[in-house]
Number of protein chains: 2
Amino acid sequence: MASFTTGELEVMQILWEEGELKPAQIQEKYPRPIKNAALRFQLKILLEKGHVSRRKNGKAYYYTAATPRKGAFKRMVQRMADIYCQGSCAGLIAELIKTQKLSDEEIQTLRELAETRQAGGTKS
Amino acid sequence: MASFTTGELEVMQILWEEGELKPAQIQEKYPRPIKNAALRFQLKILLEKGHVSRRKNGKAYYYTAATPRKGAFKRMVQRMADIYCQGSCAGLIAELIKTQKLSDEEIQTLRELAETRQAGGTKS
DNA sequence: ACCAATATGTAGAAATTACTACACATCAAA
DNA sequence: TTTGATGTGTAGTAATTTCTACATATTGGT
């Protein structure tokens, strides 16, 4: 009831980035060749599940994401934390900082980000 | 060729944590009730795909993870960065620090972690 | 009003993932 | 060596996900 299949996610990504599109336009942006009818099938599923909505304009239906990107992101983060870090998001972030390749500037940015949050959270 | 199905991942998680187990033992640790034969089917798939190996000891086969946890983690991180942060892992970490609920201590820990990496990267 | 281009709807097939039932194999103990 | 507990192998079923083919509908220009 929460996570997307691969195909669904490919469509949602496009809608999150592009806004309102009709099937033929989504098809063009699709990361791999896909038949129009196959794509429309994905849209049908997403519509039934309530993840997209559509609106008729001229001849065609235009689709938009109904499920926000942010919520989907949160669920995926939590899932990953569950799998790899006993459910702890902080643990996940720590693991990422420890293991990912990061340039000096990127680390500096992250550090500043943490400091900012710290300053904002406590009352100066 | 890279990512696990839900069922496969549930098995891999147990093997990553516990080491070498026989089917009945994995079955006990499984996050939800599962029939012995159903579990063994998952193991069969994982074996065919090369994600686990097995070794006979006494009556039973004992299974171990052949695909390392670390690699699977990296792939999942990259996938998530691709979907939500234009492929940038640093961007992903930044997004996490910005959006996740974190206690003061957790933020402090992350900050220290970043500082440590920074100190270690540049020559003191 | 008609036609051609563009869209849509639906039934069914293929591929993947997940599960079940049951017959057969192996080891240890009497 | 028979017996029973434990473990294995395999064939068949179900559910989900993905794709295809084709008939039908809608719109704008003539």
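Because the structure is predicted, anything quoted here is derived from the model rather than measured. Below, chains carry the letters A, B, ... as their sequence lines are ordered, and counting in each starts from 1. Only heavy atoms go into these numbers, but all of them, side chains included; no hydrogens, no water, no symmetry mates.
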Exercise. Report the distance from atom CD1 of B:I34 to atom P of C:dA18, rounded to the nearest whole Å.
Key: 10 Å
Quiz item: Taking only N and O in the side chain of B:T5, is any of them less than 4.0 Å away from OP1 or OP2 of C:dA18?
Solution: yes
Quiz item: Does B:F41 or A:A24 map to a spot on DNA chain C nearer the 5' end, using the closest nucleotide for each?
Solution: A:A24
Exercise. For A:K22, report the nucleic acid contact type (base, sugar-phosphate, nothing); a contact means any heavy atom under 4.0 Å.
Key: sugar-phosphate
Quiz item: What integer distance in Å separates A:L39:CG from C:dA7:C1'?
Solution: 13 Å
Quiz item: Any chance the side chains of A:E20 and A:Y63 put a donor and an acceptor closer than 3.5 Å?
Solution: no
Exercise. Check every strand shown and say whether B:A37 touches a base, only sugar-phosphate, or nothing at a heavy-atom separation below 4.0 Å.
Key: base
Quiz item: DNA chain D: A:A60 or A:K49, which has the more 5' nearest nucleotide?
Solution: A:K49
Practice problem: Check the distance between C:dA25's P and B:K56's NZ and give it to me in whole angstrom. | Solution: 12 Å
Practice problem: Could you check B:R111 against B:E105 for salt bridge (Lys or Arg N to Asp or Glu O under 4.0 Å), going step by step and ending with a plain yes or no? | Solution: CA-CA 10 Å; B:R111 187 183 150 181; B:E105 301 97 78; over 6 Å; no
Self-check item: 5′-ward residue of the pair B:R54/A:Y30 relative to DNA chain D
Solution: B:R54
Quiz item: What's the CG-C1' distance between B:L43 and D:dT10, to the nearest Å?
Solution: 16 Å
Quiz item: Testing A:I93, A:L110, A:I97 for side-chain contact (heavy atoms from CB on, under 4.5 Å) with B:L96, which one passes?
Solution: A:I93
Practice problem: Could you tell me the separation between the CG atom of B:N57 and the P atom of C:dT26, rounded to a whole number of Å? | Solution: 16 Å
Quiz prompt | Nucleotide nearest B:Y61 when distance is taken to its side chain, options D:dT8, C:dC19, D:dT17 | solution = D:dT8
Quiz item: Side chains of A:E8 and A:Q42: do they bring a donor and an acceptor to under 3.5 Å?
Solution: no
Quiz item: Closest to the A:T6 side chain: C:dT20, C:dA18, D:dT18?
Solution: D:dT18
Quiz item: Checking all strands, does B:K59 fall into the base, sugar-phosphate, or nothing category for heavy-atom contacts under 4.0 angstrom?
Solution: base
Quiz item: Do A:E17 and A:Q13 have side-chain atoms, one donor and one acceptor, less than 3.5 Å apart?
Solution: no
Quiz item: How many Å lie between OH on B:Y63 and P on D:dG7, as a whole number?
Solution: 12 Å
Practice problem: Would you tell me whether B:D104 and B:Q108 have side-chain atoms, one donor and one acceptor, within less than 3.5 Å of each other? | Solution: no
Quiz item: For C:dA21, does either OP1 or OP2 sit under 4.0 Å from a side-chain N or O belonging to B:K35?
Solution: yes
Exercise. Nearest whole angstrom, please: distance from the P of C:dA15 to the CD1 of B:I45.
Key: 16 Å
Exercise. State whether B:R32 places a side-chain N or O below 4.0 Å from either non-bridging phosphate oxygen (OP1 or OP2) of C:dC19.
Key: yes
Self-check item: Interatomic distance where OH belongs to A:Y62 and C1' belongs to D:dT26 [whole Å]
Solution: 14 Å
Self-check item: Short side-chain N/O contact to D:dT18 OP1/OP2 from A:Q42, under 4.0 Å
Solution: yes
Quiz item: Between the base of D:dG9 and the side chain of B:R40, is there a donor-acceptor distance below 3.5 Å?
Solution: yes
